[in-house]
Amino acid sequence: MNEKITGAEALLKSLLAEGVELIFGYPGGAIIPVYDKLYDYTDRLKHILVRHEQGATHAAQGYARVTGRTGVVMVTSGPAATNVITGVSDAMLDSTPMVVIIGQVASSTLGTDAFQETDVVGITQPITKWAYQIRRPEDVAWAVARAFYIANNGRPGPVVLDFTKDAQTAMVEWNHSKCTYIRSYIPCPKINMADIERVAAMINAAQRPMIISGHGVMIAGAEKEMAAVAEKGDIPVVSTLLGLSTMPSDHRLYKGMLGMHGNIGPNVNTNRCDLLVAVGMRFDDRVTGDVDHYARQAKIVHIDIDSAEFDKNIKTDATIHADARDALEALLPLINHADRTRWVESFDRYAKIEREKVIDPEVFPTEGSLRMGEVVHKVSKAAGYKGVLVTDVGLNQMLSARYFHYAEPRSIITSGGLGTMGFGLPASIGAKMGAPERTVCFFTGDGGLQMTIQELGTIMEYGTAVKIILLNNNFLGNVRQWQALFFGGRFSQTPMVNPDFVAIANAYGIAAENVADRESLDGAIERMLSHDGAYLLNVNIDPEDMVFPMTPAGAPVDHVMLNATERLELD
């Protein structure tokens, strides 16, 4: 007979059995038994005490995205449970593996409106892959094993375990075995070779094929396989926002990001290609624009591990229901060696227009106030093009995504589907803890930073060497851009009166400085990157800076605004 232990200790032993090393969390009454037992496990399980439960979820997301492992969160009941909802929803939309353990009142008081009781399963079921309430200590090991299997197999996502207090204190004989199969869940479908052969024939017959690389390529670790298919078929590759860094920025066949603020060539050629091969992406509205005018001339191939995405937004001509790496490996031997030089070079014309009309004014200005693009470009270059980009949401997100340079996989962490302001600071902490050997460059705006600014305390406590670049324009910049372009310049509730961010950073023991002009920028970046610990640059940005190109919401994807007054003239 095995020695009996409490349900709380069974949880910790189960986490260790699943290979967990790091937990992001915040204690409270309904989870105290677990935290009390954690006191004896600090040599094996490192707990990161965040300053707000939302911060725990975003930190776990940053950790998961940079490592490919499952992020773990542990919080108490009631308001703590509701505070994690944003991060859980964000993880669901961006397919990020995460297990969230939430304390709950005792089983005997469920449904009585007990102090800090919340219907956790009812709230989280629509925004998780699985939500389960543990009421017996005998279910702990089973539930944890199942949670990790579901979270990080198939299309990843969040799982919530609601752990009643009596189940934490009751005794049980612990016996953990990994979950490798669930009868009702087939995470990785068997490839249908007929689908592979059909798609390969379509690629070989196409004159102007284009590959869209989505987040699923990164999740599957399929970067090399995708590049091999593209190189063999001489096929240009474009990416979604979350697909950035799946191909090096300087690869001959990589043509940039598509979507609302994507590069011109990918957007225009979406409506000129004759075959569109979408890999691990979901045809989000920010990518497609007006779906009635999206790639109508092209045949559409969709490769995805989640068949629910097929024909959901864009009608397909062929699909491959499979893990991205498995599908691309199967396709590779069937793809013909091809020379599509003329088609590949068709992107060059639009790249030249974008360089002259958009990139040079944004990245290489010679006068006026500092611009976001030039700051991003200089930081990325100074980091040797090998940094991990973490962004908040808004202009800082779009401009840093556009002008950061990607040389290695898993080099962008951003909130895509939910667009969560406040995501970036805690996510950068998780990213740095997951990849301590890499330089983590966190770009944020003044609005987003203040939504989770308390996580500077987490940086202070753990000495997390995140490089924070605050692109400060004293505005909610992205909303301001829409107000300027589409609402007659009526800047309703977007100007911001901001605090002294350098003083705040210094109060947390974080080195910081203000950058007010172009002449000071290079030296400040050098000091930031050479500093051993965390560093904040508060960079004063032109408040009228905007992100272009732009395809207005609801417009065809090739209806491109070059700036506030010019539109791209199509042939």
Side-chain angles (χ1 to χ4, degrees), residues 20-28 31 35 38-39 42 45-67 69 71-76 79-80 83-84 86-88 90-91 96 98-102 388-393 413-415 420-446 448-470 499 501-512 528 531-538:
V20 174
E21 298 174 347
L22 204 60
I23 301 170
F24 300 92
Y26 204 95
I31 199 71
Y35 273 89
L38 182 64
Y39 196 84
T42 53
L45 281 171
K46 183 174 182 179
H47 181 277
I48 305 301
L49 178 65
V50 296
R51 298 312 189 252
H52 189 281
E53 293 89 355
Q54 181 182 346
T57 59
H58 297 326
Q61 287 176 274
Y63 173 86
R65 296 265 283 274
V66 81
T67 64
R69 302 178 66 186
V72 179
V73 173
M74 188 161 68
V75 300
T76 192
N83 282 343
V84 303
T86 297
V88 169
D90 194 296
T96 304
M98 184 164 69
V99 171
V100 182
I101 300 151
I102 300 175
V388 175
L389 169 66
V390 181
T391 86
D392 209 82
V393 169
I413 299 168
T414 191
S415 174
T420 304
M421 289 182 68
F423 169 89
L425 180 58
S428 69
I429 294 169
K432 185 62 179 177
M433 290 181 174
E437 75 287 355
R438 299 189 68 183
T439 301
V440 174
C441 301
F442 164 47
F443 289 87
T444 183
D446 39 305
L449 179 62
Q450 292 181 86
M451 288 195 171
T452 51
I453 198 169
Q454 69 277 353
E455 299 307 331
L456 293 175
T458 308
I459 290 176
M460 175 179 66
E461 179 161 348
Y462 298 99
T464 315
V466 174
K467 309 305 180 183
I468 305 168
I469 303 95
L470 170 54
F501 290 107
V502 168
I504 291 173
N506 289 161
Y508 282 102
I510 296 170
M528 175 183 70
H531 184 72
D532 286 339
Y535 206 99
L536 182 144
L537 288 187
N538 177 47

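These numbers come from the heavy atoms of this one structure, side chains and all, not from hydrogens, waters or symmetry mates.
Nearest heavy-atom pair across Thr452 and Pro426 is OG1-CD, 3.5 Å. Heavy-atom minimum distance, Gly71 versus Ala64: N-CB, 3.9 Å. Scanning all heavy atoms of the two residues, the minimum distance from Ile102 to Thr76 falls at CG2-O, 3.3 Å. The shortest heavy-atom contact between Tyr35 and Met74 is OH-O, 3.1 Å. Closest non-hydrogen pair, Met433 versus Tyr462, comes out as CE-CB, 3.9 Å. Here the closest non-hydrogen pair linking Gly62 and Ile413 is O-CD1, 3.6 Å.
Not counting sequence neighbours, the partners of Arg51 by the side chain to side chain donor-acceptor pair (under 3.5 Å) test are Glu461. Pro499 pairs by the side chain to side chain contact (heavy atoms under 4.5 Å, CB included) definition with Gln450, Phe501, Ile504, not counting sequence neighbours. Not counting sequence neighbours, the partners of Ala511 by the side chain to side chain contact (heavy atoms under 4.5 Å, CB included) test are His531, Tyr535.
Rounded to the nearest 0.5 Å, atoms CG (Leu456) and CG (Leu449) are 6.5 Å apart. Note that CZ of Phe442 is 6.5 Å distant from CD1 of Ile468, once rounded to the nearest 0.5 Å. Distance check, rounded to the nearest 0.5 Å: CD of Glu455 to NE2 of His52 gives 8.5 Å. Between Ile469 atom CD1 and Leu537 atom CG the span is 6.5 Å, to the nearest 0.5 Å. Ile48 contributes atom CD1, which lies 8.5 Å from atom OG1 of Thr458 (distance to the nearest 0.5 angstrom). Distance check: Thr464 OG1 to Ile429 CD1 gives 6.0 Å after rounding to the nearest 0.5 Å.
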Exercise. Begin from the C-alpha positions of Thr444 and Leu425 and carry the test side chain to side chain contact (heavy atoms under 4.5 Å, CB included) through to its verdict.
Key: CA-CA 8 Å; Thr444 183; Leu425 180 58; over 6 Å; no
Practice problem: Could you please spell out the steps behind the side chain to side chain contact (heavy atoms under 4.5 Å, CB included) verdict for Ile459 and Ile510? | Solution: CA-CA 8 Å; Ile459 290 176; Ile510 296 170; 3.8 Å; yes
Exercise. Please assess Met451 against Asp392 for the test side chain to side chain contact (heavy atoms under 4.5 Å, CB included), listing each intermediate value before the final yes or no.
Key: CA-CA 10 Å; Met451 288 195 171; Asp392 209 82; over 6 Å; no
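Side-chain contact check for Tyr26 versus Leu49: some heavy-atom pair is nearer than 4.5 Å.
Under a 3.5 Å cut-off, the side chain of Lys432 and the backbone N or O of Glu437 do not form any donor-acceptor pair. A donor-acceptor pair under 3.5 Å links the side-chain atoms of Lys467 to the main chain of Gly533, judged by distance alone.
Each of Thr86, Val100, Val75 was checked for a side chain to side chain contact (heavy atoms under 4.5 Å, CB included) with Glu53, and the lone residue meeting it is Val75.
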